[in-house]
Q: 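Here it is: the structure, laid out below.
First the proteins, then the strands, lettered A, B, ... as listed; each starts at 1.
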Protein chains: 2
Amino acid sequence: MLSKKCKYAIHALVYLAEKYQEGPVHISEIAQKRHIPKKFLEAILLELRNAKVLHSKKGKGGGYYLHQKPSDVNLMEIIRLMDGAIAMLPCVSLHYYEPCEECRNEKTCGIRDAFIKVRDETLAILGGSTLDKILKREKALALK
Amino acid sequence: MLSKKCKYAIHALVYLAEKYQEGPVHISEIAQKRHIPKKFLEAILLELRNAKVLHSKKGKGGGYYLHQKPSDVNLMEIIRLMDGAIAMLPCVSLHYYEPCEECRNEKTCGIRDAFIKVRDETLAILGGSTLDKILKREKALALK
DNA sequence: TTTTATCCTATTAAATCTATAGACTTTAAG
DNA sequence: CTTAAAGTCTATAGATTTAATAGGATAAAA
């Protein structure tokens, strides 16, 4: 399960994607509109900024805005930034690999195979899920 | 990420699948061979027994053994029993559904789509990963 | 120089995960 | 019919992670 932090991040980024190229957006505005605790959101946006997903502007008229185009930000990277590994086992993780304590011999472990497949399918789907696609879908569903 | 409990459960079940139809196996034996804390494993096996995945025999010469054929036990059900939902969001979980607090309107949420796809792919792979397939793979890899 | 808003560090509270303790029950064997 | 072996069950402790908050520092604009 994704953490709340991660879900908040996704919602905030979708919100900012909606306002892409409309200038900086206040933390307070996002917090209010998406029902996210402001202080928590502050920490999240800061992290996204440090990861170069967002840019920010301080002082009056400041706020946060997307650093990249909505079509260049996908769920895979957001989740990795917020929650870390996407794989279900550390020993099959691409970005957060660690040997499994339980396994004596990774080479002959019959369990890993399934989790490698899950990882690959998951990455393909999440990597293809960009903010602009999410927005488009949102609009399409609203019309029904 | 899977919990240790879940990983222990998988390893214990693979071990028991290897000993299928060889009579009850002691908790202690499994704990020792797979490096799992005995008391923790005890609780795990009990849970698997209550879920009808395992049978047990009390008293001298007792122990645990598979209730079903190794080809009828798959990773999907083990993970669900141990860790609960497999989906990454509660609002797309088949067995542990809960509405997302963050979403105001599930019908028009553009985020869910990707996670439904991830869920379906994951379930297909994990559902097809049975104990006997894991064992077979283990043996094949050992020969290399 | 005052106001607005992000930046940053520290801390707390709650929840979850991991592990262990100990008494109880059942069964087999002598 | 007694004893030892082994699972059953409840309770709890300790560690880690998650979620949220507090408060001051910094920067920019008016």
Q: Restricting to pairs with a member in residues 132-142 of chain B, which pass side chain to side chain donor-acceptor pair (under 3.5 Å), not counting sequence neighbours?
A: B/T130-B/D132
Q: Once side chain to side chain donor-acceptor pair (under 3.5 Å) is applied, what residue pairs with a partner in residues 116-129 of chain B remain, sequence neighbours excluded?
A: B/D113-B/K117
Q: Heavy atoms within less than 4.0 Å of DNA chain D: which residues of residues 77-87 of chain A have one? Give them sorted by number.
A: none
Q: Can you pull the ring pair (Phe, Tyr, Trp, His ring centres under 6.0 Å) pairs that have at least one residue in residues 90-117 of chain A, sequence neighbours excluded?
A: none
Q: Just the rounded figure in Å: distance from C1' of C/dA5 to CD of A/E29.
A: 13 Å
Q: Run the side-chain contact (heavy atoms from CB on, under 4.5 Å) test against B/K60 and tell me which residues pass, sequence neighbours left out.
A: none
Q: Mind checking side-chain contact (heavy atoms from CB on, under 4.5 Å) for A/C6 and listing every partner two or more places apart, or none if nothing turns up?
A: A/L2, A/S3, A/I10, A/I79, A/M82, A/D83
Q: Restricting to ring pair (Phe, Tyr, Trp, His ring centres under 6.0 Å), what partner residues turn up for B/Y65, sequence neighbours left out?
A: B/H55
Q: Sort and list the pairs that fulfil ring pair (Phe, Tyr, Trp, His ring centres under 6.0 Å) and have at least one residue in residues 119-144 of chain B, not counting sequence neighbours.
A: none
Q: Taking atom CD of A/E22 as the centre, report whether more than 12 heavy atoms of other residues, nucleotides or ligands fall under 6.0 Å from it.
A: yes
Q: Quick one: which residue pairs count as a ring pair (Phe, Tyr, Trp, His ring centres under 6.0 Å) with a foot in residues 26-53 of chain A, not counting sequence neighbours?
A: A/Y8-A/F40
Q: Any residue in residues 1-20 of chain A with a heavy atom nearer than 4.0 angstrom to DNA chain D? Just list them by number, or reply none.
A: A/S3, A/K4, A/K5, A/Y8
Q: Heavy atoms from C-beta onward define the side chain here; which of C/dA5, D/dG7, C/dA28 lies closest to that of A/H26?
A: C/dA5
Q: How many whole angstroms separate atom CD of B/Q32 from atom P of D/dA6?
A: 12 Å
Q: Measure the distance from CD1 on A/I27 to P on C/dC8 and round it to the nearest whole Å.
A: 12 Å
Q: Heavy atom of residues 36-59 of chain B under 4.0 Å from DNA chain D: which residues?
A: B/K39, B/E42, B/L46, B/R49, B/S56, B/K57, B/K58, B/G59
Q: Partners of B/A124 by side-chain contact (heavy atoms from CB on, under 4.5 Å), sequence neighbours excluded?
A: none
